[in-house]
Amino acid sequence: MEPEIQLEIEGEVHQLPSGVRPFDLPERDPEALAAWLDGQVLDLKKPLLKGGTLQWLTFDDSGGRQVFRHSSAHLLAQAVKRLWPNAKLGTGPALEDGFYYDIWLPVPLTEPDLARIEAEMRRIVSENLPIERLELSREEAVRIFSERAEEFKLQIVERITDDTTISAYRQGEFVDLCTGPHLPQTGYIGAVKLTNVSGAYWRGEEQNPMMTRIYGTSFPTQEALEEHLARLEEAKLRDHRKLGPQLDLFSFKEEAPGFTFWHPKGYQLYRTLEEFSRRLQEERGYQEVSTPWIYRAALWQRSGHWDHYRDNMFLIERDDEVLGAKPMNCPGHALLFKGNIRSYRDLPIRLAEYGPLSRFERSGTLHGLLRVRGFHQDDAHLFVREDQIHQEMFGVLDLMDVVYRAFGLPYEVVFSTRPDDYMGDLALWNQAEQELERVLRDRGLKYQINPKDGAFYGPKLDISAIDSLGRRWQLATIQLDFQLPEKLDLHYVDDEGHWRRPVMIHRAILGSVERFIGILVEHYAGAFPLWLAPIQARVIPITEQQVTYAEEIRRKLHRHGIRADVDARNQKMGYKIREAQMEKVPRMLIVGGRDQENHTVSLRTREQGDLGAKPWPDYLYQLIEEAEMPLS
RNA sequence: GCUGGCGUAGCUCAAUCGGUAGAGCAACGGUUUUGUAAACCGUAGGUUGCGGGUUCGAGUCCCAUCGCCAGCUCCA
């Protein structure tokens with residue numbers, strides 16, 4: 001008698017012969033791309049030898065999408081191999097919104113090549129080749145990929161351990177080493193688009209050969225693909241590098257790559273943000289200082305930056321000695337701390353600084369405001385006793401919460417642990433890592449662990465946000481440091497009169513003010529909330545007759561701390577309104593003859609449009625309230 | 001830094017095969033005096049990123065360089 005298995009599908013239990021393929025079941029969802037059996041994603045054509053609960057994965061499931069995109073990557077590789085038979089395949093995974101394949105090519109790729117590859121991919125789709133799984137012995141795998149001169153695949157085979165099944169997938173003449181799973185046929189891939197080409201080192205190591213990485217995306221239908229491409233276009237319009245200059249906030253110039261020119265409006269925004277940070281920190285016992293921005297090399301040698309950070313520093317040679325511009329404030333703050341004898345009663349001492357920092361970033365890594373060479377942090381160093389670590393860390397996380405809630409910025413917490421080139425004593429590192437984890441748990445924060453990504457002097461907690469194109473950027477950082485107090489020999493006097501070593505907490509909440517503004521521009525698409533907007537209100541006289549009245553209103557607004565201007569140009573009202581809307585000014589106070597007579601302003605808001613006449617100056621008091629900083 | 005791509009007026013873009021660099025918006029001058037997203041007329045604006053080369057002739061072809069874009073690497 002043939003062995004049977006029991007499969008539960010959509011609540012119904014079926015008795016089926018062992019070896020049945022999900023693909024052949026009459027219950028199969030016609031949109032299914034793969035099957036899910038008790039937590040495992042399987043090919044639809046996988047013969048089932050044991051029973052369980054089976055679900056269909058479609059393009060709406062992330063698992064289904066992943067299979068779809070992974071098969072699309074194979075499709076890409078097959079097309080490239082048809083066009084360049086001596087191309088050598090690297091790896092080609094699925095991504096969130098698409099896929100890529102790293103391929104070594106004898107010639108550089110050009111735009112028209114992408115179109116040719118796409119055309120070939122469509123041909124393979126129309127051939128509707130069956131996709132077949134092969135399970136291979138190591139010898140077979142080596143033979144297959146040697147025959148095809150796929151040296152990179154052979155390297156992968158070598159690294160596969162003996163306890164793993166070596167599998168490959170075949171579609172037509174094409175075979176790729178792959179664990180799968182995959183779609184049943186190439187015909188499933190309804191629409192593909194190759195988006196861009198770039199270089200990528202084999203296995204991500206700089207000394208390895210550079211492969212050509214071809215990115216693409218794919219969807220079941222042409223309409224879905226076009227919708228996706230339209231969304232990408234939308235996102236590009238939010239890009240801070242486009243919006244910033246458009247809104248006249250900042251610019252970059254060839255003469256100073258990686259440094260920001262802050263225009264009047266952008267700098268206003270910058271100062272508002274800094275003021276926000278100042279007020280929150282003063283309330284919490286921080287003291288603002290300003291320390292030198294250039295130090296003799298000897299300090300950097302003592303602090304460890306010379307060994308761990310020199311390549312990223314701007315160095316200056318004068319009078320036969322080397323000086324370095326500061327990439328961080330910590331050594332300066334430590335020196336300031338050291339300048340007096342400190343009692344245990346003085347701690348914690350919280351030193352804040354907003355001064356300029358410079359880091360020499362490699363040219364290819366610069367990216368608008370999000371990666372610059374010259375920037376400012378809302379930086380602070382907390383000098384604390386060991387028994388104060390927990391409480392102070394708790395306070396920092398609390399401040400962070402206030403700040404990020406004020407902007408409604410979605411963020412992720414990452415806990416980065418000891419890197420390979422760490423400085424100092426292993427026991428201290430372990431202690432610091434345990435402290436950080438304990439505070440995270442006590443605050444109930446969700447976090448991910450990023451092993452070996454800590455700073456060279458201590459483990460850190462990073463907050464990152466995502467830009468308009470889905471790239472992740474680190475904003476806040478909180479680091480516990482037992483090393484620097486040691487290196488620079490910091491101490492305080494404890495309650496028994498003994499010298500003790502303080503602990504340093506490095507922290508920046510906004511992170512870099514530059515980067516934070518870049519993220520904010522994209523987050524709000526340039527339409528900043530009232531309290532942040534560089535120009536909060538624009539007074540628009542309808543005719544020349546109201547310019548004096550308009551000026552009067554503007555002066556009064558300013559006197560009460562509202563940033564306002566008057567558009568007195570000889571233009572129609574509609575024109576001025578249109579410009580104010582495009583500049584994303586949150587409030588427009590329109591004044592015509594009627595307003596002047598009745599002592600009103602005609603209010604228009606950026607979001608709601610015309611709201612009619614409001615008595616003046618009553619409206620001023622409403623505006624003052626609406627424009628308050630979100631300090632709690 | 002590496003691989004590939006792109007640099008034309010302040011912005012968005014055009015210029016056939018190598019043959020006189022052009023338009024809209026913005027700016028400026030004037031007319032208009034206006035009630036909720038673009039009034040009208042006119043003027044000016046350029047060493048085509050910078051430097052070489054090929055050619056009778058280069059925005060266009062070649063070399064080099066700078067900057068930017070995508071990704072890699074790096075990343076407090």
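Since the structure is predicted, the reported quantities are computational estimates derived from the model, not experimental observations. Letters A, B, ... mirror the listed sequences (proteins, then strands); counts begin at 1.
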Distance between C1' atoms of B/A27 and B/A44 (Å, rounded): 9 Å
Proximity to the side chain of A/Gln571 - top-ranked nucleotide from B/A70, B/A39, B/C74: B/A39
Rounded distance (Å) that lies between atom P of B/A38 and atom CD of A/Glu583: 16 Å
For A/Val591, the option from A/Ile553, A/Thr543, A/Ile540, A/Ile542 that meets side chain to side chain contact (heavy atoms under 4.5 Å, CB included): A/Ile553
Distance in Å, A/Glu626 CD paired with A/Gln536 CD, rounded so as to fall on 0.5 Å steps: 10.5 Å
B/C13 pairs with, by Watson-Crick or G-U criteria that keep both distances under 3.5 Å: B/G22
B/G35 base / A/Asp610 side chain donor-acceptor hit below 3.5 Å: no
Pair assignment for B/C6, Watson-Crick or G-U wobble, requiring both distances under 3.5 Å: B/G67
Distance-only donor-acceptor test (3.5 Å): side chain A/Arg362, base B/U73: yes
Flag for A/Gln479-A/Tyr457: side-chain donor and acceptor within less than 3.5 Å: yes
Sugar-phosphate, base or nothing in reach of A/Asp311, heavy atoms under 4.0 Å: nothing
A/Leu247 side, atom CG; A/Glu583 side, atom CD - distance, nearest 0.5 Å: 8.0 Å
Closest to the A/Gln581 side chain, choosing from B/A37, B/A70, B/C74: B/A37
Closest to the A/Glu254 side chain, choosing from B/U34, B/G49, B/C72: B/G49
Separation of B/C69 P from A/Arg371 CZ (nearest whole Å): 13 Å
Check against ring-ring contact (aromatic ring centres under 6.0 Å, His included), A/Phe152 and A/Trp202: CA-CA 9 Å; A/Phe152 298 107; A/Trp202 170 239; 4.8 Å; yes
Minimum-distance nucleotide to A/Leu366 side chain [options: B/A70, B/C68, B/A38]: B/C68
Interatomic distance where NZ belongs to A/Lys576 and P belongs to B/A37 [whole Å]: 15 Å
Nearest atoms (heavy-atom pairs only) where A/Phe375 meets A/Ser512: CD1-CB, 3.6 Å
Any donor-acceptor N or O pair under 3.5 Å, side chains A/Gln281, A/Arg350: no
Heavy-atom closest pair, residues A/Gln483 and A/Asp425: OE1-N, 3.8 Å
Whole-Å distance separating the CZ atom of A/Arg472 from the P atom of B/G71: 14 Å
Touch class at under 4.0 angstrom, heavy-atom based, for A/Thr477 against every strand present: sugar-phosphate
Base B/A37 paired with A/Arg606 side chain (donor-acceptor, <3.5 Å): no
Who pairs with B/U60 - Watson-Crick or G-U, where each distance is under 3.5 Å: none
Gap between atoms OH and P, on A/Tyr575 and B/A27 respectively (whole Å): 5 Å
Options B/U34, B/U73, B/G67, nucleotide nearest the side-chain atoms of A/Pro257: B/G67
Among B/U3, B/G35, B/C72, the nucleotide that comes nearest once only the side chain of A/Asp595 is considered: B/G35
Phosphate-side-chain proximity, A/Arg471 and B/G71, N/O vs OP1/OP2 below 4.0 Å: yes
Rounded interatomic separation in angstrom, taking CG from A/Asp567 and P from B/G35: 16 Å
A/Ser602 and A/Asp595 side chains, donor-acceptor separation under 3.5 Å: yes
Spacing of the C1' atoms in B/G45 and B/G53 (rounded, Å): 31 Å
Distance, C1' atom - from B/U36 to B/C41, rounded to whole angstrom: 26 Å
Closest to the A/Arg604 side chain, choosing from B/U34, B/U36, B/C72: B/U36
Nearest atoms (heavy-atom pairs only) where A/Val396 meets A/Tyr286: CG2-OH, 3.9 Å
Report, one pair per line, the protein and nucleotides 28-31 of chain B atoms (nitrogen or oxygen only) whose separation is under 3.5 Å.
from  : atom 1 : to       : atom 2 : distance (Å)
B/U31 : O4     : A/Asn570 : ND2    : 3.2

Any-strand Watson-Crick or G-U partner of B/U43, both distances under 3.5 Å: B/A27
N/O donor-acceptor pair, side chain A/Ser602 with base B/G35, under 3.5 angstrom: yes
Earlier contact from the 5' end, RNA chain B, for A/Tyr215 and A/Ile590: A/Ile590
B/U12 and B/A26, which share atom name C1', separated by this distance in whole Å: 11 Å
Atom-to-atom span, CE of A/Met211 to P of B/G71 - whole angstrom: 19 Å
Nearest-Å distance for atom pair CG/P, residues A/Asp248 and B/G10: 15 Å
